[in-house]
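As the structure lists them, so they are numbered: ligands from 1, and atoms in each ligand from 1. Counting begins at 1 with the first residue of the sequence.
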Amino acid sequence: MSQDPNQDKDKLWGGRFSEPTDAFVEKFTASVTFDQRMALQDIAGSRVHARMLTKVGVLSQQDCDDIQRGLNEVEAEISSGQFEWSVGLEDVHMNIEAALTAKIGDAGKRLHTGRSRNDQVATDIRLYLREQIDLIVVEIRRLQSGLLDLAEREFDTIMPGFTHLQVAQPITFGHHMMAWFEMMQRDASRMQDCQQRMNQLPLGAAALAGTSYPIDREFSAQQLGFDQPTRNSLDSVSDRDFAIEFCSASAILMTHLSRCSEELVIWSSAQFDFIALPDRFCTGSSIMPQKKNPDVPELVRGKVGRVNGHLVSLLTLMKSQPLAYNKDNQEDKEPLFDTIDTVRGSLRAFADMMPAVTCKKDNMFKAAKQGFSTATDLADYLVRKGLPFRDAHEVVGKAVALGVATAKDLSEMTLTELQQFSQMISEDVFEVLTLEGSVAARNHIGGTAPDEVKKAVINGRLLIKD
Ligand code: ARG
């Protein structure tokens with residue numbers, strides 16, 4: 001980052017100023033250290049802007065050709081890391097414009113005709129975020145595909161299902177993975193919704209009121225892949241609701257990942273011992289040689305904090321801002337960029353890790369047998385024999401009390417033992433008291449039966465095939 005002491009006289013807006021910017025203020029107000037991320041989008045926007053100005057007769061074809069050539073050179077320097085960013089030039093927009101002008105002279109100075117950094121930055125962020133959402137959706141799909149494979153592999157693996165973190169009813173591990181799949185499905189759809197709503201071109205709004213040049217916004221929108229130009233210039237340059245919306249969708253996504261993380265942490269603990277996480281996703285302890293810590297899920301769980309924080313930052317940033325553009329909005333980028341990085345990193349870690357998770361089926365099965373997980377099945381059985389559900393609930397409650405007193409599961413009691421609670425119970429009761437019978441009976445759409453899991457996997461593959 002170079003800082004030329006004489007640079008003030010070269011400031012692109014320096015005309016009306018009589019003294020140089022305070023050195024600290026220059027750094028304090030600059031955004032180039034972080035907004036240079038949008039350099040390629042800024043160049044793409046400038047190329048189209050120049051073409052549009054040429055089309056409507058504001059720029060000559062020669063100027064346009066020079067601008068395109070100059071931008072090619074600037075782009076090559078940026079991509080190869082040779083570009084010299086200058087804090088004195090404040091932001092990505094003015095750094096690129098100054099470099100262009102240094103290369104091609106007056107044509108570079110004409111590029112900013114009919115445009116302002118206000119509509120320029122609003123365009124750049126949209127272009128950047130639009131691409132990033134595509135990449136995020138690709139990662140979500142990769143994770144979902146791993147979950148589908150896992151669900152297929154473990155479609156009939158029985159584990160305890162929990163409510164209140166207490167054994168509730170037996171479920172299949174495949175079914176559990178498909179629950180995660182569904183969360184991710186909605187997350188992807190929220191991302192796509194947000195992307196679709198933000199896909200309007202602000203360029204042409206200029207500083208706030210539009211411009212007196214005969215611009216063709218439809219042309220620019222179409223060239224940059226936007227559905228249409230924005231409809232109101234004041235709104236175009238001032239609102240960052242699309243960034244808030246993205247951070248909100250991200251906060252929900254990260255909340256989902258934190259729930260998945262928490263389960264992985266619990267399941268891989270010595271107390272549960274349901275799964276093994278691959279060694280390459282864990283780390284050891286520097287003091288306790290026996291430890292294998294589930295760092296990746298823990299870290300993802302922890303990273304929700306910063307994403308939630310960024311959402312609140314952006315909401316607070318926008319709150320009470322009068323129309324139109326205010327410098328406050330420069331503060332949108334760091335929270336937005338860090339949200340993008342965090343979401344992409346967390347998804348990547350999960351998508352890489354999940355296919356390598358292995359189930360300890362015996363431990364899961366044993367755990368599902370504890371805690372009277374088929375008690376509801378016994379109640380349902382009695383209902384089928386004609387007892388009202390509330391009475392059946394009462395009968396089974398008493399049977400469970402005996403089980404607690406004698407340390408026996410319902411399936412381990414004799415027929416005579418069970419019959420003391422209801423004469424409606426006969427030999428066929430044992431079919432529903434087994435874990436296999438219990439899961440197989442829940443064979444409707446959305447149920448945990450192995451056959452339903454298989455169907456859900458087939459359906460899931462279709463859902464993510466876009
Ligand atoms: N760096 C600024 C931002 O990120 C660009 C727009 C500046 N516009 C202005 N009038 N100061 O918001």
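- With 3.5 Å as the limit, one finds no donor-acceptor pair spanning the side chains of Glu452 and Asn443.
- In terms of modelled atom types and a separation under 3.5 Å, the side chain of Gln120 and the main chain of Leu203 share no donor-acceptor contact.
- By the salt bridge (charged side-chain N to carboxylate O under 4.0 Å, His left out) test, Glu298 is found to be paired with no residue, residues two or more places apart in sequence or in another chain being considered.
- Ring geometry for Phe274 versus Phe162: interplanar angle under 30°, hence parallel rather than tilted (30 to 60°).
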Every pair of nitrogen or oxygen atoms between ligand 1 and the protein that is under 3.5 angstrom apart - can you list them with their distances to 0.1 Å?
from	atom 1	to	atom 2	distance (Å)
ligand 1	1 (N)	Ser31	OG	3.2
ligand 1	1 (N)	Asp91	OD2	3.1
ligand 1	1 (N)	Gln330	OE1	2.8
ligand 1	4 (O)	Lys333	NZ	2.6
ligand 1	8 (N)	Asn118	OD1	2.8
ligand 1	10 (N)	Asn118	OD1	3.1
ligand 1	12 (O)	Tyr325	OH	2.4

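- Using a 4.5 Å cut-off on side-chain heavy atoms (C-beta onward), Met183 and Arg259 make contact.
- Using cut-offs of 30° and 60° on the angle between ring planes, the pair Trp267 and His176 is perpendicular.
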